[in-house]
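Accompanying notes for the structure given below.
Just so it is clear: chains get the letters A, B, ... in the order the sequence lines come, proteins before strands, and each one is counted from 1. Remember, predicted model here, so these are calculated numbers, not experimental data.
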There are 2 protein chains.
Amino acid sequence: MATMKQVAERAGVSTSTVSHVINNTRVVSDDVRERVTAVIAEMRYIPSAVARSLKNDRTHTIGMMVPNNSNPYFAELIQGIEDAAFKVGYNVILCNAYDDPRKQAAYLRVLIEKRIDGMILVASGADEELARLLAHQQTPMVLVDREVAGVQADFVEADHETGGYLATRHLIELGHRAIACISGPRDLPPSLDRVNGYRRALAEAGLDAPSGYLVYSNFTSEGGYRALQQLLKLGKRPTAVFAGNDLMAIGALCAASEAGLRIPSDLSVIGYDDIALASYSTPRLSTMAQPKYDMGQRIVGMLMERIMGSAQPLRRELLQTRLVARQSTAAPR
Amino acid sequence: MATMKQVAERAGVSTSTVSHVINNTRVVSDDVRERVTAVIAEMRYIPSAVARSLKNDRTHTIGMMVPNNSNPYFAELIQGIEDAAFKVGYNVILCNAYDDPRKQAAYLRVLIEKRIDGMILVASGADEELARLLAHQQTPMVLVDREVAGVQADFVEADHETGGYLATRHLIELGHRAIACISGPRDLPPSLDRVNGYRRALAEAGLDAPSGYLVYSNFTSEGGYRALQQLLKLGKRPTAVFAGNDLMAIGALCAASEAGLRIPSDLSVIGYDDIALASYSTPRLSTMAQPKYDMGQRIVGMLMERIMGSAQPLRRELLQTRLVARQSTAAPR
DNA sequence: CTGTTAGCGCATTCAT
DNA sequence: ATGAATGCGCTAACAG
């Protein structure tokens with residue numbers, strides 16, 4: 001791989017001149033500029049970002065840690081972020097923590113070694129190692145969806161409590177009174193916030209939910225499938241279900257269908273996230289849309305401000321979700 | 001951020017000694033080793049991979065270019081790759097080309113600047129720039145699913161032709177004779193290979209497909225949805241459909257349902273990929289499973305061999321797909 | 001308008 | 001068993 005020195009020699013100029021024509025950072029005579037440019041093309045010289053980073057103390061790389069890239073919510077979020085980052089000249093290193101705090105800490109360490117300029121963290125639980133690494137680290141960072149104890153950083157999330165509230169309100173307004181909830185893991189704040197919204201809506205409407213109506217599962221289709229099977233065993237079946245994410249809602253749709261229930265006439269189901277496939281499930285899924293694209297934009301925007309050295313106080317951005325009523329919800333019979 | 005030099009000073013040793021205790025690369029007295037280790041911990045020193053890369057000419061980073069991370073097939077593939085890479089001490093920089101050859105070329109250039117050790121490319125069309133960059137580049141690379149004209153590199157794919165053939169055979173064996181095909185874009189070889197397999201199976205069974213039975217669309221749910229609507233307008237409706245990927249199959253399921261058709265009694269649908277959600281569509285989707293995890297392992301394995309300097313001839317790995325019969329296919333009435 | 005030089009943080013050769 | 005010195009490829013301050 002050609003180096004700048006070789007280019008300089010071949011063009012009969014100094015490396016600093018080559019550097020300046022590449023970066024347009026000082027005046028260069030047309031004559032010389034042309035010659036250098038020609039040599040660069042001829043030798044197919046491509047500058048080394050590694051050397052440049054060492055010199056400049058900037059890698060133009062950000063790290064993105066997510067629990068699981070296979071969850072379409074994260075995949076879509078990542079895409080928005082990768083997109084926004086590319087536009088401002090940044091690349092993203094993707095890290096799947098698989099909800100394993102140890103793996104997450106190991107990754108974080110590697111990212112710091114690589115001297116990423118900034119970090120986007122959708123945390124998978126926090127262990128000591130993580131907290132310690134983060135505590136003494138001043139790498140610009142924005143936390144998404146999940147705060148980390150003891151870590152001071154900008155934070156972005158879509159209002160889960162209100163989302164859960166609005167989803168449940170939607171069901172109530174359709175006339176449902178027996179409304180169950182399939183929640184994500186009980187140790188994840190976003191899950192709990194959504195459940196809190198669900199509860200608030202019920203309380204406000206003077207409804208009460210039998211204890212069996214709230215079941216915790218994990219954020220997968222299988223989780224939703226099993227949870228609905230469990231709900232269907234109840235003596236008094238719910239007429240509507242609020243699922244903590246679309247994956248679970250789709251699993252619930254599947255279980256309902258296999259149990260011979262018609263959606264939405266026998267059972268209404270509403271999800272959360274509005275992943276791309278929610279528009280094409282059978283039937284099309286009603287859901288609370290998270291502004292994933294907007295979130296990606298803002299997350300990158302906030303991170304860039306920090307990277308550029310903004311010293312403003314920590315920010316918390318609370319975005320709003322939006323009800324998307326499709327075919328999986330209707331009035332009870 | 002602390003540097004090795006600072007650590008050395010504080011520990012009262014030379015930088016070379018610090019380097020050696022960190023990398024365990026020469027004998028160091030227990031006394032000194034302990035002292036250095038203590039100072040490292042105390043100063044929270046974390047070595048710079050940037051400087052190390054400049055020196056060693058290795059970044060322990062690979063670039064991964066995909067058309068679109070939001071397609072679950074790619075998301076799951078990425079996950080396997082990222083997983084395998086992590087195990088051997090590599091990170092992956094994710095690049096979404098959005099089927100835009102120009103963006104792809106721009107990304108590639110950046111990756112080369114960053115001196116990635118290897119590249120995994122699921123190409124989005126090839127433009128001149130890409131070919132030129134690649135042609136004169138000896139970065140280890142493995143191509144996935146799509147070859148690039150003029151580029152010599154290892155290649156991995158799951159046998160699309162056989163996959164299409166087996167999917168169609170499955171339908172034929174169930175007794176279908178009017179079998180349509182919803183294909184992906186006509187400019188993508190994997191699409192065409194699957195169509196070829198479809199045709200071969202039909203021919204072998206002595207069946208012919210009216211021209212309207214083959215419709216090209218794009219690899220999204222919406223694409224499948226629209227394509228099925230189009231098929232349903234035909235005078236002689238098919239009794240079964242082979243969709244080029246699961247996203248399209250799920251879109252087709254949605255369209256069929258909205259048209260009042262029952263799956264699989266009125267219409268059988270088989271997809272391709274076996275994305276996680278295929279197990280939980282309504283009804284559960286029959287599909288050709290691509291060995292995504294295995295592919296990820298092999299892709300990374302091959303790439304690592306190249307990175308380690310293996311000089312063996314170019315390889316083509318053709319993995320096999322597997323029929324997963326679920327509830328969306330059955331005998332015609 | 002252009003060249004010389006120092007140094008970014010580290011690994012490694014050569015001495016001792 | 002340890003240290004001094006060099007250079008990886010680049011940018012930028014300084015000099016002319």
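- Residues satisfying the salt bridge (charged side-chain N to carboxylate O under 4.0 Å, His left out) test with Arg26(A), not counting sequence neighbours, are none.
- Remark: C1' of dG9(D) and CG of Leu54(B) are 6 Å apart, rounded to the nearest angstrom.
- No side-chain donor-acceptor contact under 3.5 Å links Asn68(B) and Tyr73(B).
- Remark: of the listed residues Val13(A), Val21(A), Val18(A), Val21(A) is the sole one forming a side-chain contact (heavy atoms from CB on, under 4.5 Å) with Val28(A).
- Contact annotation: the side chain of Leu94(A) never approaches that of Ile93(B) to less than 4.5 Å [non-hydrogen atoms, C-beta and beyond].
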**OP:** Take Gln79(B) and Asn69(A) through the side-chain hydrogen bond (donor to acceptor under 3.5 Å, both in side chains) test and state the conclusion after the steps.
**Re:** CA-CA 7 Å; Gln79(B) 203 173 13; Asn69(A) 168 43; 5.5 Å; no
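- When rounded to the nearest whole Å, the span between CD of Glu113(B) and C1' of dC10(D) equals 12 Å.
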Original post:
Along nucleotides 10-16 of chain C, 5' to 3', which nucleotides get a B, which get an S, and which get a -, given that the test is a protein heavy-atom distance under 4.0 Å?
Top reply: BBB-B--
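- Across the helix from dC1(C)-dG16(D) to dT16(C)-dA1(D), the helix axis at one end is tilted relative to the axis at the other end by 40° (nearest 10 degrees, each axis from five pairs).
- Every salt bridge (charged side-chain N to carboxylate O under 4.0 Å, His left out) that Arg306(A) has, sequence neighbours left out, goes to Asp154(A).
- In terms of the salt bridge (charged side-chain N to carboxylate O under 4.0 Å, His left out) criterion, Lys114(B) has no residue partners (sequence neighbours excluded).
- Rounded to whole Å, the distance from CG on Asn24(A) to P on dT11(D) is 12 Å.
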**OP:** Step by step, work out the side-chain hydrogen bond (donor to acceptor under 3.5 Å, both in side chains) result for Thr59(B) and Asp117(B).
**Re:** CA-CA 6 Å; Thr59(B) 54; Asp117(B) 292 343; 3.2 Å; yes
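- No contact: Val18(B) has no heavy atom under 4.0 Å from any strand.
- Between the Gln104(A) side chain and the Ser124(A) main chain, a donor and an acceptor come within less than 3.5 Å of each other.
- Atom CD of Glu9(B) and atom C1' of dG3(D) are 14 Å apart (whole Å).
- Residues from residues 30-39 of chain A placing a heavy atom under 4.0 Å of any atom in DNA chain C, listed by number, are Val32(A).
- A centroid separation of less than 6.0 Å is found between the aromatic rings of Phe86(B) and Tyr107(A).
- Here the side chains of Ile62(A) and Leu303(A) are in contact, with some heavy-atom distance below 4.5 Å.
- If you check every strand for non-hydrogen atoms under 4.0 Å, Val50(A) touches nothing.
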